[in-house]
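Letters A, B, ... are given to chains in the order of the sequence lines, protein chains preceding strands, and every chain is numbered from 1. Because only heavy atoms are used, hydrogens play no part in the values below, and waters and symmetry mates are left out as well, while side chains stay in. On a predicted model such as this, the values are computed, not experimentally measured, just so you know.
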Amino acid sequence: MPELPEVEVLRRSLEPHLVGDRIVRVEVRNPALREPVETARLRRGAAGRDVVALRRRSKYLLIDLAGGRTVAVHLGMSGRLTLAAGEAPLEPHEHVAFHLRSGRRLRLRDPRRFGLVLALETAAIEADPHFAHLGVEPLEAGFSGEVLARAAAGRRGPVKAFLMDARVVVGVGNIYASESLFRAGVHPVRSVARIAAARWDRIADSVVAVLRQAIAQGGTTLNDFADGEGRSGYFQVSLAAYDREGEPCLACGGPVRRLVQAGRSTYYCPRCQR
DNA sequence: CGTAGACCCTGCGCGC
DNA sequence: TGCGCGCAGGGTCTAC
């Protein structure tokens, strides 16, 4: 489910409902996520605290709480974080729930359990091992083709893996790496050593455009989010390349191809991407 | 140092 | 209809 746009859409939709509310109780039904949930630490860091802000870093949703604490949630591959009425029946795989003073509960459902729930000190987030290595935010000032070119200097390997390397730029996952390279007209297998400055600019611009468009489309389909059922339009985001093997390229009409890089599917147009 | 592959886990869709 | 297989948007670790 979640790459940067999905987490950002989630942040924006939850923010008005959560800020000002208070976490009164933390329920950990199954701590066996990608890293074990530290239940006692999470309770200490979250229970009885007001929500003061919702932020995002990379694919982490950051729930800032009073007293300088933050709960960081990573959705992994299959995680969904939704607001529900307090008495709403348990969902399958509802591993963690934050019960709120308003009577609702913020619940994490994650069948594959690749997600994370971390209790952090707000001031120490950037020093935490989950965050310390992270690169630039693609939707913030400071991201540019020049930054990519500099990070690529002296490196080799396919540009698709490079774009998905969170040490370089965060938030670009398997879907939007394909989408960005399609938009930029750059072949996913091309070595980063063979990309000139102008192409890096084009790649950076495409990453920004693709992420922004996905956020805009996600936002328009989330009107029913507040009802707490967690339905959303993530799948309605229009994709030009991803999962379109054999279908016509939207630019030239030729068939979109699929290949496997580092065990992940890549979709591209061999005629439009060089 | 960089990269490819295995692995973590469950669910779903497809072909037979 | 049932079943086995491959594949799935995340990241990390190990072996080369």
In whole Å, I'd like the distance from the CG atom of A:Asn30 to the C1' atom of B:dC8.
14 Å
A:Asp243 CG to C:dA8 P, in whole Å, measures 8 Å
Check this for me: A:Arg190, atom CZ, are more than 12 non-hydrogen atoms of other residues, nucleotides or ligands nearer than 6.0 Å?
yes
Take atom CZ of A:Arg80 and atom P of C:dA8, then tell me their distance rounded to the nearest Å.
18 Å
Could you tell me how far apart A:Asp110 (CG) and C:dA8 (P) are, to the nearest whole angstrom?
18 Å
Indicate yes or no for a side-chain donor-acceptor contact from A:Thr122 to the backbone of A:Gly68 under 3.5 Å, with no hydrogens or angles considered.
yes
Rounded to whole angstroms, how far apart are CG on A:Leu239 and C1' on C:dA8?
14 Å
Pick the nucleotide of DNA chain B nearest each of A:Ala32 and A:Gly263; which residue has the one closer to the 5' end?
A:Gly263
Write down the partner of C:dT1 under the Watson-Crick or G-U wobble criteria, each distance required to be under 3.5 Å.
none
Nearest whole Å is fine: how far is C:dG9 C1' from A:Leu10 CG?
14 Å
Paired with C:dG9: which nucleotide, if any, by Watson-Crick or G-U wobble criteria at under 3.5 Å for both distances?
none
Could you encode protein contacts along nucleotides 10-16 of chain C as a string, one character per nucleotide from 5' to 3', using B for base contact, S for sugar-phosphate-only contact and - for no contact, with a heavy-atom cut-off of under 4.0 Å?
BSS----
Once the angle between the rings of A:Tyr242 and A:Tyr267 is folded into 0 to 90°, is it parallel (under 30°), tilted (30 to 60°) or perpendicular (over 60°)?
perpendicular
Take the angle between the ring planes of A:Tyr60 and A:His130 and call it parallel below 30°, perpendicular above 60°, tilted in between.
perpendicular
If I pick the P atom on C:dG6 and the same atom on B:dA6, what distance separates them, to the nearest angstrom?
13 Å
More than 12 heavy atoms of other residues, nucleotides or ligands under 6.0 Å from CD of A:Glu245: yes or no?
yes
Taking atom P of B:dA4 as reference, at what distance in whole Å does atom NZ of A:Lys160 sit?
11 Å
Watson-Crick or G-U counterpart of C:dA15, or none if no pair lies under 3.5 Å:
B:dT3
Among A:Thr82, A:Asn30, A:Leu33, find the residue that satisfies the side-chain contact (heavy atoms from CB on, under 4.5 Å) test when tested with A:Leu108.
A:Leu33
For residues A:Leu4 and A:Leu139, determine if any side-chain heavy atom of one lies less than 4.5 Å from a side-chain heavy atom of the other.
yes
Does A:His93 place a side-chain N or O at less than 4.0 Å from the phosphate oxygens OP1/OP2 of B:dC9?
no
